[in-house]
Amino acid sequence: MGARIERLVTSGRFTLDGGTWDVDNNVWIVGDDDEVIVIDAAHDADAVAAAVGDRRLTAIVCTHAHNDHIDAAPALADRTGAPVLLHPDDLPLWKQTHPDRAPDAELTDRQTVVVAGAELTVLHTPGHAPGAVCLYAPALGALFSGDTLFAGGPGATGRSYSDFPTIIDSISRHLLALPGDTVVHTGHGQTTTVGAEAPHLQEWIARGF
């Protein structure tokens, strides 16, 4: 059996710049019956570990270091032995949540993460956060976009460490060039496709969103 995609939704709080918001996060588990990776270990290490089950967890990949995407990563790593992977440009954000525990390894642009025979290519897509990344798995027809691209537009850029022109550049250069039928598995909410979002780029630019 080849690699497949599983979705777990966990709930908690996102905190930045003195504000706090209740959020539901998508945790994506990619792999087969033997081994998996987790993309964004959010809020509840016990729930994520239960979803992984007795499969070997080979990596905990962070699409960016906002606290709601990484708060459960160290606990999950401690109980499974899996390394936490983060782009180094997001270390300042990481340290706000985990000042005494560093990620285990760096993510780099065009790096390949392999699980259950499926290759996921890391795309550095700054804008929502400096070290934000997406992961493209062509064999699965899937893009894991974190908070860079959602159904309806780009991720928020109104807070520290974010920048609207940068996220627009990341999306237009790296994501909208992918096949239109690529399914976009987002950090929050429902999936979309590249083809559904691509026609709206100029609308986003015009309204600054």
Side-chain angles (χ1 to χ4, degrees), residues 1-12 14 21-32 36-44 47-48 50-52 55 57 59-66 68-70 72-73 85 87 107 112-129 132-157 162 167-168 170-204 209:
M1 179 181 294
R4 62 184 183 272
I5 299 166
E6 303 166 26
R7 176 191 183 212
L8 171 70
V9 178
T10 59
S11 300
F14 166 51
W21 300 265
D22 293 328
V23 289
D24 296 328
N25 283 63
N26 293 326
V27 179
W28 299 103
I29 300 171
V30 184
D32 59 13
V36 296
I37 63 169
V38 164
I39 300 172
D40 289 345
H43 305 307
D44 190 337
V48 179
V52 170
R55 295 175 290 183
L57 180 59
I60 301 164
V61 182
C62 306
T63 62
H64 62 294
H66 284 153
D68 58 317
H69 290 257
I70 62 164
L85 312 183
H87 192 283
L107 292 170
T112 300
V113 178
V114 180
V115 62
E119 295 186 354
L120 291 81
T121 299
V122 176
L123 305 174
H124 182 209
T125 53
H128 181 69
V133 302
C134 299
L135 295 104
Y136 176 48
L140 301 177
L143 175 76
F144 300 91
S145 65
D147 286 2
T148 295
L149 179 63
F150 292 104
T157 54
S162 65
I167 201 171
I168 287 295
S170 292
I171 291 171
S172 55
R173 285 198 302 119
H174 295 298
L175 306 188
L176 300 188
L178 300 176
D181 60 354
T182 302
V183 178
V184 181
H185 299 276
T186 59
H188 308 270
Q190 298 304 308
T191 59
T192 183
T193 65
V194 169
E197 302 307 320
H200 303 290
L201 177 63
Q202 294 306 315
E203 298 171 24
W204 304 336
F209 167 76

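We're numbering straight along the sequence, starting at 1. Here the structure is a predicted model, which means the values were calculated and not measured.
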What are the two closest non-hydrogen atoms of [X] and [Y], and how far apart are they?
X	Y	value
G31	V115	CA-CG2, 4.1 Å
L140	A3	CD2-O, 3.5 Å
A137	L120	CB-CG, 3.9 Å
A65	I70	O-CD1, 3.5 Å
S172	L201	CB-CD2, 3.9 Å
A59	L85	CB-CD1, 3.9 Å

Open item on the list: Using 30° and 60° as the class boundaries, would you call the ring planes of F14 and H66 parallel, tilted or perpendicular?
Closed with: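 The arrangement is tilted - the two ring planes meet at 30° to 60°.
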
TODO: Check the angle between the aromatic planes of H188 and H69 and answer parallel, tilted or perpendicular using the 30° and 60° thresholds.
DONE: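 Because their plane-to-plane angle is over 60°, the rings of H188 and H69 count as perpendicular.
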
Side chains of [X] and [Y]: does their closest heavy-atom pair fall under 4.5 Å?
X	Y	value
T121	T112	yes
I29	R55	yes
I171	L176	yes
V122	V61	no

Could you give the distance from [atom1] ([X]) to [atom2] ([Y]), rounded to the nearest 0.5 Å?
X	Y	atom1	atom2	value
R4	D32	CZ	CG	7.0 Å
T63	F144	OG1	CZ	11.5 Å
L123	T148	CG	OG1	9.5 Å
L178	T193	CG	OG1	11.5 Å
I37	L57	CD1	CG	9.0 Å
R7	T186	CZ	OG1	7.0 Å

Report yes or no: does [X] contribute a side-chain atom to a donor-acceptor pair with the main-chain N or O of [Y] at less than 3.5 Å?
X	Y	result
N26	G189	yes
S170	P126	yes
E197	G152	yes
H87	A132	no

Open item on the list: So, applying side chain to side chain contact (heavy atoms under 4.5 Å, CB included) with V194, which one of T182, L175, L149 is it?
Closed with: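 Only match with V194 under side chain to side chain contact (heavy atoms under 4.5 Å, CB included): T182.
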
Open item on the list: If we check side chain to side chain contact (heavy atoms under 4.5 Å, CB included) with V27, which of these qualifies: D40, V38, I39?
Closed with: V38

Open item on the list: Is there a side-chain contact (heavy atoms from CB on, under 4.5 Å) between I5 and W28? Walk through the geometry before answering.
Closed with: CA-CA 7 Å; I5 299 166; W28 299 103; 3.7 Å; yes

TODO: Using side-chain hydrogen bond (donor to acceptor under 3.5 Å, both in side chains) as the criterion, point out the one residue from T10, N25, D24, D68 that pairs with H43.
DONE: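 Exactly one option meets the side-chain hydrogen bond (donor to acceptor under 3.5 Å, both in side chains) with H43, and it is N25.
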
- [ ] Look at atom CD of E6 and say whether more than 12 heavy atoms of other residues, nucleotides or ligands are closer to it than 6.0 Å.
- [x]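 Correct, the count exceeds 12.
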
